[in-house]
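So the structure is just underneath, and the comments pick up after that.
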2 protein chains.
Amino acid sequence: MTTSLPLLVDDLCCAPLGLDPLDAASSAQLAQAFKALSDPVRLRLLSIIAAAPSGEVCACDLTAPVGKSQPTVSHHLKVLREAGLVTSRKHGTWVHYRAVPEQLAALRQVLAMEMRAGT
Amino acid sequence: MTTSLPLLVDDLCCAPLGLDPLDAASSAQLAQAFKALSDPVRLRLLSIIAAAPSGEVCACDLTAPVGKSQPTVSHHLKVLREAGLVTSRKHGTWVHYRAVPEQLAALRQVLAMEMRAGT
DNA sequence: TGAATGTATCGACAACTATCGAATCAACGG
DNA sequence: CCGTTGATTCGATAGTTGTCGATACATTCA
């Protein structure tokens, strides 16, 4: 960019960029959260959990709907948990999962980035 | 909450799941969109594009901010384009990228899944 | 205690991805 | 025409990830 001595070249290429909209650190952190949603199985799991009437879903009821093995589902639930999208709670032998609305809201807000474009 | 540890536990593991909140097809399609956001470089690129005052950003001005090689940036822009998050427009020698607000809005709506939980 | 069941972890493998250098394509200017 | 510049594509490689079977852990029940 900015070739050597642009004489007539000033208007054509680009309007000046906006200010730094997302630094490297923030983007890395957010990317991890979005990465948790980048798998169909995890999306379905989260969807099932979030849409549960009681707000909680037993892990034992999550393997069948997604059609994956129990270790696989456990792995995906761990990813969702580490991304802060769900929380787990032991209830006797079982583990109940619950969505974290605040985290979902945070991601929603990031996707509203185009709103920040002034003028 | 409520009473804890019932003795004859048989059916009480889980409250019945909600209805199918996200079928396999939808989740696959959505996962692809989120996957496009699951990389820090792509997030920054989209952020820069979306926050541009003019609404468009030349590809030539996108390599420096993310600190990646030009082919790499081109690759990421292609991913964003195929995910429907940005559109490209040739302007002479340069290519200008523009965010797609509708797609961002669609993803925001998906993240509002917990709102669909009735009761 | 031992058996049974629900979860989580481990080990391994196949598939995918990010990254870069080099080559190729496209468009403009002299 | 060529030469320059921007953008895409290609080939290769290192790292990541989804998946499952086998295993280990935890809890409840007999």
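Owing to the predicted nature of the structure, the values given are computational and were not obtained by experimental measurement. Chain letters run A, B, ... following the sequence lines, proteins first and then strands; every chain starts at 1.
If you take CD of E82(B) and P of dT8(D), they are 12 Å apart, rounded to a whole angstrom. In this structure, the CG atom of L43(B) is 15 Å from the C1' atom of dA18(C), given to the nearest Å. Computed from coordinates, the L77(B) CG to dT19(C) P distance equals 12 Å when rounded to whole Å. The nearest whole Å value for the distance from the NE2 atom in H91(B) to the P atom in dA27(C) is 14 Å. Rounded to a whole Å, the CZ atom of R89(A) is 18 Å from the P atom of dG6(C). Whole-Å rounding puts the R44(A) CZ to dG18(D) P distance at 16 Å. Separating the CG atom of L62(A) from the P atom of dA8(C) is a distance of 10 Å, rounded to the nearest angstrom.
Checked against dC20(C), dA27(C), dT7(C), the side chain of W94(A) finds its nearest nucleotide in dT7(C). Distance from the side chain of H75(B) is smallest for dA18(C) among the nucleotides dT5(C), dA18(C), dA8(C). When distances are taken from the side chain of Q70(B) to each of dG6(D), dT7(C), dA7(D), the shortest belongs to dA7(D). Closest to the side chain of R81(A), from the set dT7(C), dA8(C), dT19(D), is dA8(C). In this structure, of dA7(D), dT8(D), dT28(D), it is dA7(D) that holds the atom nearest to the side chain of A59(B). Among the nucleotides dT9(C), dT17(C), dT19(C), the one closest to any side-chain atom of K68(B) is dT19(C). Distance from the side chain of Y97(B) is smallest to dT8(D) among dT8(D), dT19(C), dC20(D).
Here the side chain of S47(B) pairs no donor or acceptor atom with the backbone of L43(B) at under 3.5 angstrom. Without hydrogens or angle criteria, R44(B) side chain to D39(B) main chain gives no donor-acceptor distance under 3.5 Å.
For K78(B) and D39(A), each mapped to the nucleotide of DNA chain D holding its nearest heavy atom, the one lying further toward the 5' end belongs to K78(B). Each of T93(A) and T72(A) was matched to the nucleotide of DNA chain D holding its nearest heavy atom; the match closer to the 5' end belongs to T72(A). Remark on DNA chain C: of its neighbouring residues V79(B) and P71(B), the 5'-side contact belongs to V79(B), judged by nearest-heavy-atom nucleotide.
Two different hydrophobic clusters hold V79(B) and I49(B) under the rule that ILVMFWY side chains link at heavy-atom gaps under 4.5 Å.
Contact check, K35(A) against dT17(D): a side-chain N or O comes under 4.0 Å of OP1 or OP2.
Side-chain atoms of Y97(B) and R89(B) form no donor-acceptor pair, as typed in the model, at a separation below 3.5 Å.
A99(B) and L46(B) get closest at one heavy-atom pair: CB-CD1, 4.3 Å.
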